[in-house]
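As structure tokens, the structure follows; a few thoughts come after it.
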Amino acid sequence: MPSHDIHCRFFSQEDLLAAGCLDIRMAMDAAAEALAAFDTGDVLFPEKIVQIFNDETQERINCLPATFKSQRICGVKWVSVFPPNPVKHGLQNLSAVMILSEIEHGFPIAFMEGTLCSNIRVGTMGALAAKHLARQDSEVIGFIGAGEQAKMHLIAMKTALPSLKTCRVGAKLPEEETQFVQEMSALIPELEFVAADSDLERAMDGADIIVTATSAQAPLLKAKWMKPGAFYSHIGGWEDEYDVARQCDKIVCDDWETVKHRTQTLSRMYKEGALTDDDLHANLVDLVQGRKPGRESDDERIYFNAVGLAYVDVGIAIAMYHRGLESGLGQDLQIQHEMIFEHSKLKEWVRL
Ligand SMILES: NC(=O)c1ccc[n+]([C@@H]2O[C@H](COP(=O)([O-])OP(=O)(O)OC[C@H]3O[C@@H](n4cnc5c(N)ncnc54)[C@H](O)[C@@H]3O)[C@@H](O)[C@H]2O)c1
């Protein structure tokens with residue numbers, strides 16, 4: 001008689017961190033492999049399911065599944081976005097969990113905290129883009145926004161571009177800049193940090209790499225602040241003036257077809273006829289697969305926008321799961337011991 005035990009591994013955020021999963025190189029490999037796998041038809045990626053609980057605040061929970069057929073693993077990201085959380089409750093906006101299942105028997109193999117994976121994915125896509133599109137001698141990175149995404153992006157960019165020497169940061173409140181500098185200088189002490197005291201132009205001064213990661217809906221980044229040769233990673237919604245994209249020599253997205261139907265700057269431009277399909281240089285996978293060139297000269301200004309492809313999150317989660325298993329961390333979760341009608345105590349438990 002086969003055992004009907006079903007077990008899976010639970011990894012808290014702390015387990016994943018202690019296992020060494022905040023590893024952008026690992027995530028870049030996983031993301032590049034995921035993009036290539038999708039490109040060759042190896043990924044099942046159905047439409048996400050969105051449940052919005054408040055139209056005004058856009059409080060929502062999304063369910064985003066994907067299957068890597070060759071790896072025989074199906075996963076899902078269950079992600080909550082509650083924009084009022086920070087201001088109203090002092091809590092994070094985004095929180096997520098991931099479930100992975102094997103597809104031999106269809107049983108779950110992992111239940112994991114997913115905010116870490118989700119945030120790592122955002123930074124990793126920026127880092128992968130920077131690998132192909134940024135000047136490899138970039139020294140100055142400038143941030144508009146000093147929140148969770150900005151912090152992860154700094155770790156990712158420093159990994160992709162070890163030449164970075166200075167980090168400038170501008171946010172809505174100077175206190176956020178101070179916190180950013182305190183937290184990030186402890187992690188990357190070799191960087192020189194400059195807080196711009198909410199003067200966003202100052203934050204962009206001399207930036208080879210520009211990152212906007214804000215909750216604003218306004219054209220904060222000005223085209224004239226972007227110098228020739230700069231690489232721009234756009235993370236938030238509408239946060240740059242249209243001339244930023246217009247003056248760029250190349251525009252690259254994680255997936256243009258996805259990007260153009262959303263609400264960030266490039267999508268707005270597309271919907272208003274200020275940008276067409278012909279203005280797009282490539283999707284990131286075209287660079288990863290070598291179909292299209294990345295940066296071709298030192299003077300090119302390049303714009304990158306990723307809105308998120310959940311199969312990449314699942315790809316990174318699989319890499320984290322393997323590393324978590326190797327570490328021996330996490331806990332065994334027993335999902336079931338017997339099949340329902342095999343339980344010897346079922347007569348006591350059933351409520352007829
Ligand atoms: N592209 C993606 O895949 C992806 C994934 C997750 C989140 N996001 C988006 O990234 C953005 C940032 O997310 P987060 O978690 O870091 O948010 P957060 O709340 O932690 O930080 C937001 C930052 O925006 C800054 N900001 C807001 N208004 C500003 C203004 N007028 N001037 C200057 N700075 C301003 C704040 O000072 C703060 O530092 C959000 O828009 C979020 O929806 C994108």
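Order of listing sets the numbers, starting from 1, for every ligand and every atom in it.
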Does a donor on one side chain and an acceptor on the other come within less than 3.5 Å for [X] and [Y]?
{"X": "E175", "Y": "T178", "value": "no"}
{"X": "Q149", "Y": "N119", "value": "yes"}
{"X": "N305", "Y": "Q264", "value": "yes"}

Task: For A306, the ligand 1 atoms whose distance to one of its heavy atoms is below 4.0 Å - done: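 Answer, ordered by atom number: 1 (N), 2 (C), 3 (O).
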
How does [X] reach ligand 1, by side chain, by backbone, by both or by neither, if only non-hydrogen atoms under 4.0 Å count?
{"X": "E176", "value": "side chain"}
{"X": "N93", "value": "neither"}
{"X": "R121", "value": "side chain"}

Open item on the list: Angle between ring planes, Y303 versus H234, binned at 30° and 60°: parallel, tilted or perpendicular?
Closed with: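 Y303 vs H234 ring planes: parallel.
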
Open item on the list: Check the orientation of F231 and F304. Use parallel for under 30°, tilted for 30 to 60°, and perpendicular for over 60°.
Closed with: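 Ring orientation, 0 to 90° scale: parallel.
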
Task: Close side-chain approach of I251 and L275, heavy atoms under 4.5 Å - done: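 A side-chain contact exists here, since the closest heavy-atom pair is under 4.5 Å.
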
Open item on the list: Do V194 and R202 make a side-chain contact, defined as non-hydrogen atoms from C-beta onward lying under 4.5 Å apart?
Closed with: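 Side chain of V194 against side chain of R202, heavy atoms only: contact under 4.5 Å found.
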
How far is [atom] from its nearest protein heavy atom, and which residue and atom is that?
{"atom": "atom 21 (O) of ligand 1", "result": "G147 CA, 3.4 Å"}
{"atom": "atom 10 (O) of ligand 1", "result": "I235 CG2, 3.6 Å"}
{"atom": "atom 30 (C) of ligand 1", "result": "L220 CD1, 3.7 Å"}
{"atom": "atom 40 (C) of ligand 1", "result": "T214 O, 3.4 Å"}
{"atom": "atom 6 (C) of ligand 1", "result": "Q149 NE2, 3.4 Å"}
{"atom": "atom 28 (N) of ligand 1", "result": "A216 CB, 3.5 Å"}
{"atom": "atom 19 (O) of ligand 1", "result": "S215 OG, 4.6 Å"}
{"atom": "atom 23 (C) of ligand 1", "result": "A213 O, 3.6 Å"}

Neighbour count above 12 (heavy atom, 6.0 Å) for [X] [atom1]:
{"X": "E190", "atom1": "CD", "answer": "yes"}
{"X": "E56", "atom1": "CD", "answer": "no"}
{"X": "R25", "atom1": "CZ", "answer": "no"}
{"X": "H105", "atom1": "NE2", "answer": "no"}

For [atom], state whether the nearest protein heavy atom is under 4.0 Å away.
{"atom": "atom 32 (N) of ligand 1", "value": "yes"}
{"atom": "atom 17 (O) of ligand 1", "value": "no"}
{"atom": "atom 42 (C) of ligand 1", "value": "no"}

TODO: Work out whether the distance between some heavy atom of P86 and some atom of ligand 1 is less than 4.0 Å.
DONE: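 The answer is no, since P86 has no heavy atom less than 4.0 Å from ligand 1.
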
Open item on the list: Less than 4.0 Å is my threshold; does some heavy atom of A218 fall inside it relative to ligand 1?
Closed with: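 So A218 does not count as touching ligand 1.
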
- [ ] Please say whether V122 places an N or O atom under 3.5 Å from an N or O atom belonging to ligand 1.
- [x]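 In fact, backbone or side chain, V122 has no N or O that close.
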
TODO: Consider every N or O of L173 and every N or O of ligand 1, then say whether any pair is closer than 3.5 Å.
DONE: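 Such a contact does not occur with ligand 1.
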
Open item on the list: Is there a continuous path of hydrophobic side-chain contacts, each under 4.5 Å between heavy atoms, that joins L94 to I120?
Closed with: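 Different hydrophobic clusters.
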
